[in-house]
Amino acid sequence: GPYSVDVVTIFPEYLAPLRQSLLGKAAERGLVAVGVHDLRQWTDDVHRTVDDAPYGGGPGMVMRPEPWARALEAVRPPGTRLVVPTPAGRPFTQAVAAEWAAEPGLVFACGRYEGIDQRVAEWAAASGPVSEVSIGDYVLAGGESAVLVMVEAVTRLLPGVVGNRESVEFDSHADGLLEGPSYTRPASWRGLDVPPVLLSGDHAAIARWRRAESLRRTAARRPDLLAALPEDALSPADRAE
Ligand SMILES: OB(O)c1ccc2cc[nH]c2c1
C-alpha cells in the first residue's frame, strides 16, 4: 500500500507544500498518503492551550505532553516510526532517509516554542521507534520546515516517485561523496567552455573524470565525508588523484 506520512503541528497550513508538485502527483498516484493534523484538535480547554512554562525556569514555553499523547494515539499507526525534529537530534542524513523509505511510513511531531515535553518521546517509544533528528546545525522557529525537508528526501527515494531512477542512485551523498559539476548546452558560454572530456564520447574517460571531480570537490568542501569513507571505498586510482 501507499507510504504513509502523517504530520501533527499547530501550523497545518505550513505543510501545504506537501500537497504540491512531486509529492502531490505521488499522492494522486497512490504512492504516498499524506495527512496533516492540527494539534489543537486534541487540547482539552476552551483556549486550546498547547504550551506552558518550563519547570526549572528559563526563557520561553514548553509544549504540554497531554495534547501530544492524545494526538499521537489518534494519528500514529502502531509500530510506525515517530520522527521529532529538534536541533538537539541525531543528524538526518541520506542514509537515514534511505532507511526510512524502506519502512511503511512515518509520523512527524512538529515542535514550536522551546520544544516538546521530553516525556512525550519517552512515552511514544512504547508504541514504536522514535527518532529525534536534526537537519543541520542551525536553529529554526519550529519543526515544520525540517519536516518538509525530510519528507522530500524520503519520498523521492520511494519506487515510482522520481521518474528517472538513475538520477536518484547517482545523487550527491549516494556513494558518500559530493557530486561533481554538471554542464549542458552551449559548449561555449560567455567565454566559459565545458570540459572537453565531456564532449569526447570516451565514456571510460568521462567516468574517470567525473569520479576525480567528485573526489576533488569532496576533499575541498567536505573533508569530513572523505574521512568517514570506509577503507575500501577509495580505489588505488582514486588515491592517485
Ligand atoms: O531547528 B530545528 O530542527 C527545530 C526543530 C523543532 C523546533 C521546535 C522549536 N524550535 C525548533 C527547531
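Quick note: numbers below take in every heavy atom, side chains included, and nothing from hydrogens, waters or symmetry partners. Bear in mind that the values here come from a model prediction, so they are computed numbers and not experimental data.
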| request: Walk me through it: do E213 and R216 pass the test salt bridge (Lys or Arg N to Asp or Glu O under 4.0 Å)? | output: CA-CA 5 Å; E213 282 298 299; R216 192 163 66 84; 2.9 Å; yes
For the residue pair [X] and [Y], establish whether any side-chain heavy-atom pair is separated by less than 4.5 Å.
X: R48; Y: Q41; answer: no
X: V36; Y: R19; answer: yes
X: V147; Y: V5; answer: no
X: L39; Y: T9; answer: no
X: V32; Y: P2; answer: no
X: M63; Y: I10; answer: yes

| field | side-chain contact (heavy atoms from CB on, under 4.5 Å) evaluation trace for V194 with W189 | value | CA-CA 8 Å; V194 171; W189 172 76; over 6 Å; no
Just list the side-chain donor-acceptor pairs under 3.5 Å for residues 64-73, sequence neighbours left out, or say none.
residue : atom : partner : partner atom : Å
R64     : NH1  : T49     : O            : 2.7
E66     : OE2  : R70     : NE           : 3.3
R70     : NH1  : W42     : O            : 3.0
R70     : NH2  : D44     : OD2          : 3.2

N/O donor-acceptor pairs under 3.5 Å from side chains in residues 128-135, not counting sequence neighbours:
residue : atom : partner : partner atom : Å
S131    : OG   : R81     : NH1          : 2.7
E132    : OE2  : Q118    : NE2          : 3.0
S134    : OG   : G136    : N            : 3.0
S134    : OG   : G136    : O            : 3.0

For [X] against [Y], the heavy-atom pair lying closest together:
X: P54; Y: V62; value: CB-CG2, 3.7 Å
X: V161; Y: A26; value: CG2-CB, 4.0 Å
X: F108; Y: L82; value: C-CD1, 4.5 Å
X: D224; Y: R222; value: OD2-NH2, 2.7 Å
X: G201; Y: I206; value: N-CD1, 4.2 Å
X: L148; Y: Y14; value: CD1-O, 3.9 Å

| request: Using the test side chain to side chain donor-acceptor pair (under 3.5 Å), find all partners of T184 that sit at least two apart in sequence or belong to another chain. | output: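 Counting only residues at least two positions away or on another chain, T184 forms no side chain to side chain donor-acceptor pair (under 3.5 Å).
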Would you give the length of the straight line joining atom [atom1] of [X] to atom [atom2] of [Y], rounded to the nearest 0.5 angstrom?
X: R40; Y: D45; atom1: CZ; atom2: CG; value: 9.5 Å
X: R210; Y: L215; atom1: CZ; atom2: CG; value: 14.5 Å
X: E152; Y: L157; atom1: CD; atom2: CG; value: 10.5 Å
X: L18; Y: E144; atom1: CG; atom2: CD; value: 11.0 Å
X: R112; Y: M61; atom1: CZ; atom2: CE; value: 15.5 Å
X: L229; Y: T218; atom1: CG; atom2: OG1; value: 8.0 Å

| message | When you measure from the side chain of S214 to the backbone of L178, do you find a donor-acceptor pair of N or O atoms at a distance under 3.5 Å? | response | yes
| query | Hey, which of V107, L15, L106 is the one that makes side-chain contact (heavy atoms from CB on, under 4.5 Å) with V7? | reply | L15
| field | side chain to side chain donor-acceptor pair (under 3.5 Å) pairs, two or more places apart, involving residues 197-209 | value |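 As it turns out, there is no side chain to side chain donor-acceptor pair (under 3.5 Å) pair with a partner in residues 197-209 once direct neighbours are skipped.
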Let me check something: any side-chain donor-acceptor pairs from residues 83-94 under 3.5 Å, sequence neighbours excluded? List them with distances.
residue : atom : partner : partner atom : Å
T86     : OG1  : A88     : N            : 3.0
T93     : OG1  : A95     : N            : 3.3
T93     : OG1  : V96     : N            : 3.2

| said: Hydrophobic clustering (ILVMFWY, side-chain heavy atoms < 4.5 Å, transitive) - are M150 and F11 grouped together? | reply: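 The answer is yes; both residues are in one hydrophobic cluster.
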Residues 233-241, side-chain donor-acceptor partners within the protein, below 3.5 Å, at least two apart:
residue : atom : partner : partner atom : Å
S235    : OG   : A237    : N            : 3.3
S235    : OG   : D238    : N            : 3.0
S235    : OG   : D238    : OD2          : 3.3
D238    : OD1  : R211    : NE           : 3.0
D238    : OD2  : R211    : NE           : 3.2
D238    : OD2  : R211    : NH2          : 2.9
D238    : OD2  : S235    : N            : 2.9
R239    : NH2  : E231    : O            : 3.0

